[in-house]
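Here the structure is laid out as structure tokens; the discussion comes afterwards.
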Amino acid sequence: MTVSSTHCCKNLRPEAHAPRRRLALLLALVWLCGLLGLPAPARAQAPQDISEMALERTPEGLYLNASLHFALPELAEDALYKGIPMYFVTEAEVVRERWYWYDQPIAQAVRHLRLSYQPLTRRWRLNVSPVPFDKTGLGVVLGQNYDELADALVAMQRIARWKIAEPSAVAPDTVYDVQLRFRLDLTQLPRPFQIGALGRGGWSLTLARSQRISLEPAR
């Protein structure tokens, strides 16, 4: 009795094609994850902190110097490359310690930063303003262009001689607590991005540090 070769091939075909089916299923799952916007494996995060925080008191006022260390959130960086500006806020508050009552806030300084990417020129622009940005661009006091994102980030991470209090607000031989905060301002993002950023770690960027100091007389 002769067994048909066609019959044998039909019996072996499902097992022979099993690896192909598994591969096709895997590719379909990868495509579906991308379509649903599921997060990719997290990349290694650089240390995020505030270092070298120092204060200088002069006859003109109290000045702050500090170094920030952070990496842009992955989703924020992706949005920048698509032409969506990112906004950041730096806040400094000087608080006078009082043993007999609540601490007394005596001075506060805020500055706003806007980082944007121009796809046509492939250049980065950093604007700094003491007031929130509006659509007209009013209030911008400093603007600088950079060829690389890394150079723009270096400028953002360096705080040099930032005046945070008037000379009359601070007194010598007094203990103060200076609180410095830096954050990505999600309220400035377009509405769809604000909704998408809620509860997603890919948008989170907040640094904070508090330092207790005793000021010497101005020099």
Side-chain angles (χ1 to χ4, degrees), residues 42-77 79-81 85-97 103 105-117 123-133 139-167 169-170 174-186 188 201-216 218-219:
R43 60 184 179 183
Q45 291 294 324
Q48 303 196 56
D49 56 26
I50 300 176
S51 65
E52 302 178 12
M53 185 173 165
L55 292 162
E56 178 185 359
R57 183 170 181 261
T58 72
E60 291 76 32
L62 184 64
Y63 292 86
L64 172 67
N65 300 283
S67 295
L68 314 180
H69 301 280
F70 63 85
L72 284 178
E74 185 175 358
L75 295 179
E77 185 172 335
L80 278 166
Y81 276 104
M86 291 292 117
Y87 297 83
F88 305 84
V89 179
T90 309
E91 302 170 301
E93 185 175 23
V94 184
V95 179
R96 180 181 179 182
E97 295 186 352
D103 294 344
I106 62 170
Q108 186 177 30
V110 181
R111 68 175 185 174
H112 301 262
L113 301 92
R114 179 176 61 198
L115 179 63
S116 58
Y117 177 66
R123 303 195 72 190
W124 299 85
R125 184 165 182 81
L126 178 64
N127 294 107
V128 182
S129 171
V131 297
F133 295 95
V140 177
V141 297
L142 175 64
Q144 181 67 43
N145 293 321
Y146 299 92
D147 293 328
E148 302 292 339
L149 173 59
D151 297 332
L153 292 179
V154 168
M156 294 175 60
Q157 294 171 348
R158 182 176 61 249
I159 299 177
R161 286 189 59 82
W162 179 27
K163 187 176 181 179
I164 61 174
E166 296 294 334
V170 293
T174 304
V175 176
Y176 294 96
D177 186 57
V178 178
Q179 301 169 2
L180 178 62
R181 294 178 292 272
F182 175 86
R183 59 183 172 85
L184 172 62
D185 188 4
L186 298 178
Q188 295 276 5
W203 289 99
S204 178
L205 175 57
T206 303
L207 307 178
R209 177 172 173 174
S210 179
Q211 183 167 316
R212 188 178 180 184
I213 61 167
S214 179
L215 296 178
E216 298 180 355
R219 297 178 181 177

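Every heavy atom of this structure was used, including side-chain atoms; hydrogens, water molecules and symmetry mates were not. Not measured: the values here are computed from a predicted model.
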(message) Under a 3.5 Å distance rule, please check whether R209 uses its side chain to pair with a backbone N or O of I50 as donor and acceptor.
(response) yes
(request) For L180 and A92, work out which heavy atoms get closest and say how close. (result) CD1-CB, 4.3 Å
(request) Determine whether S51 and H69 make a side-chain contact, defined as any pair of heavy atoms from C-beta on separated by less than 4.5 Å. (result) yes
(message) side-chain contact (heavy atoms from CB on, under 4.5 Å) for S129 and R111? Distances and angles first, verdict last.
(response) CA-CA 6 Å; S129 171; R111 68 175 185 174; over 6 Å; no
(request) Could you tell me which non-hydrogen atom of V89 sits nearest to which non-hydrogen atom of H112, and how far apart they are? (result) CG2-ND1, 3.7 Å
(request) First locate atom CG of L68, then atom CG of L153, and finally report the distance between them rounded to the nearest 0.5 Å. (result) 11.0 Å
(request) Write down the atom of L113, the atom of M156, and the distance for their closest heavy-atom approach. (result) CD2-CG, 4.1 Å
(request) Walk me through it: do E91 and R183 pass the test side-chain contact (heavy atoms from CB on, under 4.5 Å)? (result) CA-CA 9 Å; E91 302 170 301; R183 59 183 172 85; 3.9 Å; yes
(message) Please determine whether side-chain contact (heavy atoms from CB on, under 4.5 Å) holds for the pair D49 and F70, giving the CA-CA distance in whole Å, both sets of side-chain angles, and the decisive distance to 0.1 Å.
(response) CA-CA 7 Å; D49 56 26; F70 63 85; over 6 Å; no
(message) I need the Q144 CD to D151 CG distance, nearest 0.5 Å.
(response) 10.0 Å
(request) Grab the two heavy atoms, one from R57 and one from P167, that are nearest each other, plus how far apart they are. (result) NH2-O, 4.5 Å
(message) Is there a side-chain contact between Q211 and D177 in this structure, where contact means two heavy atoms from C-beta onward sitting under 4.5 Å apart?
(response) no
(message) Rounded to the nearest 0.5 Å, what separates atom CG in N65 from atom CE in M53?
(response) 10.5 Å
(request) Using the six-membered ring wherever Trp is involved, compare the ring planes of W124 and Y117 and label them parallel, tilted or perpendicular (cut-offs 30° and 60°). (result) tilted
(message) In the structure I gave you, are the side-chain heavy atoms of I106 and V95 within less than 4.5 Å of one another anywhere?
(response) no
(request) Would you mind reporting whether L207 and Q48 have side-chain heavy atoms less than 4.5 Å apart? (result) yes
(message) Using 0.5 Å steps for rounding, measure from the CZ atom of R123 to the OG atom of S116.
(response) 11.5 Å
(message) Working to the nearest 0.5 angstrom, can you tell me the gap between L115 CG and E77 CD?
(response) 10.0 Å
(request) Determine whether Y176 and L62 make a side-chain contact, defined as any pair of heavy atoms from C-beta on separated by less than 4.5 Å. (result) no
(message) For the CD atom of E52 and the CD1 atom of I159, what is their distance to the nearest 0.5 Å?
(response) 11.5 Å
(message) Please check this pair: side chain of K163 against backbone of E60, looking for a donor-acceptor N/O pair closer than 3.5 Å.
(response) yes
(request) Mind listing the closest non-hydrogen atom pair of L184 and P73 along with its distance? (result) CD2-CG, 4.3 Å
(request) In plain terms, say whether E56 and R161 are close enough for a salt bridge, that is, a side-chain N and a carboxylate O under 4.0 Å apart. (result) yes
(request) Tell me, please, whether Y87 has R114 positioned over its six-membered ring: NZ or CZ under 6.0 Å from the ring centre and within 45 degrees of its axis? (result) no
(request) Taking all heavy atoms of Y146 and all of L126, pick out the closest pair and write down the distance. (result) CE1-CB, 4.0 Å
(message) Checking T90 against F88 for the side-chain contact (heavy atoms from CB on, under 4.5 Å) test, could you report, in this order, the C-alpha distance in whole Å, the side-chain angles of both residues, the deciding distance, and whether it holds?
(response) CA-CA 7 Å; T90 309; F88 305 84; 5.9 Å; no
(request) With the side chain counted from C-beta on, respond yes when Q179 and S210 share a heavy-atom pair under 4.5 Å apart, and no when they do not. (result) yes
(request) State, yes or no, whether a side-chain contact exists between T206 and F182 at a heavy-atom distance under 4.5 Å. (result) no
